[in-house]
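Here's the structure we're looking at; comments come further down.
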4 protein chains.
Amino acid sequence: MGMRVAVAGASGYAGGELLRLIAGHPHFELAVATGQSQAGSPLGAVHPHLVTYADHVLAPTDPAALAEADLVFLALPHGESAAVAAQLPAHTKVVDLGADHRLIDPGAWTRYYPGPHAGTWTYGLPELPGQRAKIAESTRVAATGCYAVATILALAPLIAAGIASPDDVVVVASSGTSGAGKSPKAHLLGSEVMGDLSPYKVGAHQHVPEIKQASGARTLSFTPVLAPMPRGILSTVTAKPQSAAVDVRQALLDAYAGEHFVRVLPEGRWPHTAATFGSNACHLQAAVDVDSGRLIVVSAIDNLGKGAAGQAVQCANLMLGLPESAGLSANGVAP
Amino acid sequence: MGMRVAVAGASGYAGGELLRLIAGHPHFELAVATGQSQAGSPLGAVHPHLVTYADHVLAPTDPAALAEADLVFLALPHGESAAVAAQLPAHTKVVDLGADHRLIDPGAWTRYYPGPHAGTWTYGLPELPGQRAKIAESTRVAATGCYAVATILALAPLIAAGIASPDDVVVVASSGTSGAGKSPKAHLLGSEVMGDLSPYKVGAHQHVPEIKQASGARTLSFTPVLAPMPRGILSTVTAKPQSAAVDVRQALLDAYAGEHFVRVLPEGRWPHTAATFGSNACHLQAAVDVDSGRLIVVSAIDNLGKGAAGQAVQCANLMLGLPESAGLSANGVAP
Amino acid sequence: MGMRVAVAGASGYAGGELLRLIAGHPHFELAVATGQSQAGSPLGAVHPHLVTYADHVLAPTDPAALAEADLVFLALPHGESAAVAAQLPAHTKVVDLGADHRLIDPGAWTRYYPGPHAGTWTYGLPELPGQRAKIAESTRVAATGCYAVATILALAPLIAAGIASPDDVVVVASSGTSGAGKSPKAHLLGSEVMGDLSPYKVGAHQHVPEIKQASGARTLSFTPVLAPMPRGILSTVTAKPQSAAVDVRQALLDAYAGEHFVRVLPEGRWPHTAATFGSNACHLQAAVDVDSGRLIVVSAIDNLGKGAAGQAVQCANLMLGLPESAGLSANGVAP
Amino acid sequence: MGMRVAVAGASGYAGGELLRLIAGHPHFELAVATGQSQAGSPLGAVHPHLVTYADHVLAPTDPAALAEADLVFLALPHGESAAVAAQLPAHTKVVDLGADHRLIDPGAWTRYYPGPHAGTWTYGLPELPGQRAKIAESTRVAATGCYAVATILALAPLIAAGIASPDDVVVVASSGTSGAGKSPKAHLLGSEVMGDLSPYKVGAHQHVPEIKQASGARTLSFTPVLAPMPRGILSTVTAKPQSAAVDVRQALLDAYAGEHFVRVLPEGRWPHTAATFGSNACHLQAAVDVDSGRLIVVSAIDNLGKGAAGQAVQCANLMLGLPESAGLSANGVAP
């Protein structure tokens, strides 16, 4: 028997990926898909790749319509999901793909986002210790940000195990352009982004407090870079080892033993984004660079998969008592 | 209950896509995957995106091992599948993704391929009239070539209906680079293909006789172009209308009514390849260009999906009595 | 001694390429660069690649300021250049990169463009017979459209020589995204165009009358396709031979003997766009496809080079009595 | 009067870019271009973009032929240039684009390269203090490696000025695929690299000792990443400030005052690779990230321009007493 799920903000890239996953999900049925500016349009015009929903018409983002679903995915711009969520019945299960309910510290929210802090929901990263059970018991879950997923999965177990120092972590992470959204902006035109690597928000990205909160990092230098590809995040994380002799890769293997979607690669092979395209997987590899005295962890995800819609469906599966991997694939689409 | 399927030539791009589809197929179980030069390697090293088969080791292409499967997919280079097929038991079901058994006319074979003509199998394009039943009854099926799928689906119903003239058909079709295979060649390096459109085999492509045989075209100008993208074929087909007043789009709608994987787009929207990425869909649109006196049909497919592995799985489903769309998606992965 | 040149519409892609060529031109000095919405901005903010003009500030598009230059390039949207041109003194030399003054037939203008027909200027394609001298004597020149350059250079000499029939010409041409301009539109986002081939204006592109007018084609099917690369046009032109035995390639060699920027490739090699990137070159190759009874000519250009700014500078050189190739390169930038 | 220059290794990507720059150089004339495996081929077949050299035939790499030039560029694989150089007359000026003569410490050479250390030549980075004069007086110059150029220009002046600590420098740098060369390898196929970010040689790249030697860094974590674009390097350099109050950007402005090819961007704008495509420019920007206690410098170059051939021509100009920027452009080709 199917669960009826709703998607608010279905016209964007994360919303489109949610719809794609819902269409292939063995236990989900699409109750309603909403989109503000494109309400009234058939999905075929908005997401030409979603053939099976081509005639499904986008509804306005009306909390009453959303409330009829068993679970609501909110794929709205940062700062907009809290208002919608507040109008949903308490028993309606909600997964928010936006940032509104991720941060614990209101000061961190205020520093990076407009408007008041909306409060904190269960953090939607099942692979963190203890988090899977919390998500399963929650009616409100804040899914992890895309850069944050890639970076936290690489870093958190190493800090928790005392292997990496929480101080002076340095991260450079590159993302495909879908992470920048579907609003037409000149710097996101194909003519601009093809052939280009472009850093942005240097020293000021809004995922920094989220990464620190969930990974245990105390000081963190984070530089995001826009890369010439539609999807994918590669996060290169370096940190100082707490002791001279550590097996970083083994620590990751231990941390993720039994995890279906997190794969620590065999020695000698490094993660690359194309292998995660379209999947809910995170690939990891680690090494200690003797010369520099730093350990290096590289993670790769699909920013719309494990970094957004995949992650959200994984949380929804837990919240609804379904198999955690239902409707999700650990295999990417390549080449 | 699962069907055991084998993939010969699993290290190439079509082979990799077959494995990906098999991994997600509700009724398939991978019996054996073979690859000549990479036999002995774990699939994780060959196809890093196929996490769930990471530890599955490529076997040598041994007919005895293949024969144990319920169905064998042959994803071998042109001219190599006939030899392997000849060593398989008559009752073993086989889908050949190569060209060896597609052509009826031995002369057409000899003109484009080396070696002797291996004979003709049931042509694996279920959307052609009557073909679905033939495939279901066959133990040997020759899946359609990638350019051929895109072009035949656009053209065949119009010639059959007397709408398009079979003479003087002009086709220009562009393909993503995976269509050129995984063998390292200088002109296929990323540095060469990114930013480049490059025609090849002008007036001499081996899919010409196949397109003519299956579409009914009598004379056909076909120009293939390599495009800077990993997947996708866009085929632009122009032909002369047989009469002044024809509704080409309606003819396509009639021809493909009820087809799950062939979608004639709403008026005003044209197919584009990204919408078919990772899917088994073919998108079509048509118009009559009054000025030129020609009708134009454009089709888009994923060359590894409907153009190769997807098509092959669709045929296999029919041959095994499974639901035709099992393990296949009409929805693409975008952006 | 330098010529003072002005660029109206300098903030767009053609305008930016004009500035790049002017910066490297041995006889040009930039008098003024104008841009409507970005007037007041330094060029460094608009075109970060133009380091040597980084502090040059965009002026408003004021005819009085433009009139001080020896020659004015108009790189304005279609339909806007006529109004500006009308306010320039008669002796001011002007090259219009827009469509306003290309067409002879007002009816053809009205069919494809808004507003009244502005009249006809000397057509700016020096490689057409007799055109070089006309351009040199003109004060007003309408540079050729990008698709038109690629297609006319492939087709015109063959029709003129009686080798190709002017009837039933079929052209499929693909362009890089810069041809679609710099205005932010959702379908031109990098996320949309990467990995995508997308036909548009099928049977209705505004370059059709221009191609017919300058090539001698009487009926022409023209399908433009947006390709996943920033620059480049590949035009595949097929036509019917007027007689059985023709040497199409030799006819092109004869037509372009002595031309610096048009290169007929050695037999067996076909043009591809990357080889023309950043250049003012057009590469050509031709063959007769015996099977289809059609001749095939393929041409490649950089749509911003020979297709826009390069072409315009070439015309300007002629109009100013400078060496025709001054400041232009036949060599592309590759890979 | 022209200088006769030779290119050994002209069939590769750096060799091709050298030829392109030589073709446009006002004082250079191509004496001979050599290539081992493709000797005898016309350049038109090897580098289709170099129209003006299309009929120039590649010679074998014969030191006697090279010796007739005023200056020889060696664009050979690492470890091969020393042998050729040893056979050239002492008075023949040589610029080696390979690594053979860059390192001072033989131990560093041995750690990263095969074969014996060939000795140390003048380091070819004119923007380093005092280096311009040394290059001008040298007959043998070792041009800087591509990643090294980008990283050293960002880092060296900050360490020299006591602003950045030489310890614990962390660099993540991404390169376009031309940096990986033109030899056909499966992982460099277009199908593999498009849409992919792929780290390699993590903690073990051969440019590390070169960066340390020329920048003054003592410990350096360096992670290179292959990016889906043909050209360009973006290097993100973070280091610890030596004192609390530093103006990193001003320090860069001071260091590069008067430099034609190094551009420190206006505040608020960060370098991106596309703006340097085809140029000899390096773009820089810097900031202090208060949160992390690190300073961040980002540099962008074209790996074949300032990172290889452009740099080499710049050195050659100095060695030959020509204007340093002759034949080179600070402007990129964009979009």
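So you know, we letter chains A, B, ... as the sequences are listed, proteins then strands, and number each from 1.
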Checking heavy atoms, do the side chain of [X], its backbone, both or neither come under 4.5 Å from chain A?
| X | value |
| --- | --- |
| Lys201(D) | neither |
| Ser174(D) | both |
| Val208(D) | side chain |
| Val225(D) | side chain |
| Ile296(D) | side chain |
| Thr223(D) | side chain |
| Ala227(D) | side chain |
| Asp196(D) | both |

Inset, instruction - Give the member of Leu226(A), Thr238(A), Ile233(A) that has the highest number of heavy-atom pairs under 4.5 Å with chain D. - result: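 When all of Leu226(A), Thr238(A), Ile233(A) are compared, Thr238(A) has the most.
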
Select, from [options], the one with the greatest count of heavy-atom pairs under 4.5 Å involving chain A.
| options | value |
| --- | --- |
| Pro335(D), Gly195(D), Pro271(D) | Gly195(D) |
| Thr219(D), Val193(D), Val298(D), Asp291(D) | Asp291(D) |
| Ala275(D), Gly176(D), Ala274(D) | Ala274(D) |
| Ala217(D), Pro199(D), Ala287(D) | Pro199(D) |

Inset, instruction - With the side chain counted from C-beta on, respond yes when Val202(A) and Gln285(D) share a heavy-atom pair under 4.5 Å apart, and no when they do not. - result: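 Result no, sub-4.5 Å side-chain heavy-atom pair not found.
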
Legend entry - Gap separating the OG atom of Ser175(D) from the CG atom of Leu197(A), nearest 0.5 angstrom: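 Output value for this atom pair is 9.0 Å.
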
Legend entry - Donor-acceptor contact below 3.5 Å, side chain Ser221(D) vs main chain Ser292(A):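 It does not hold such a pair.
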
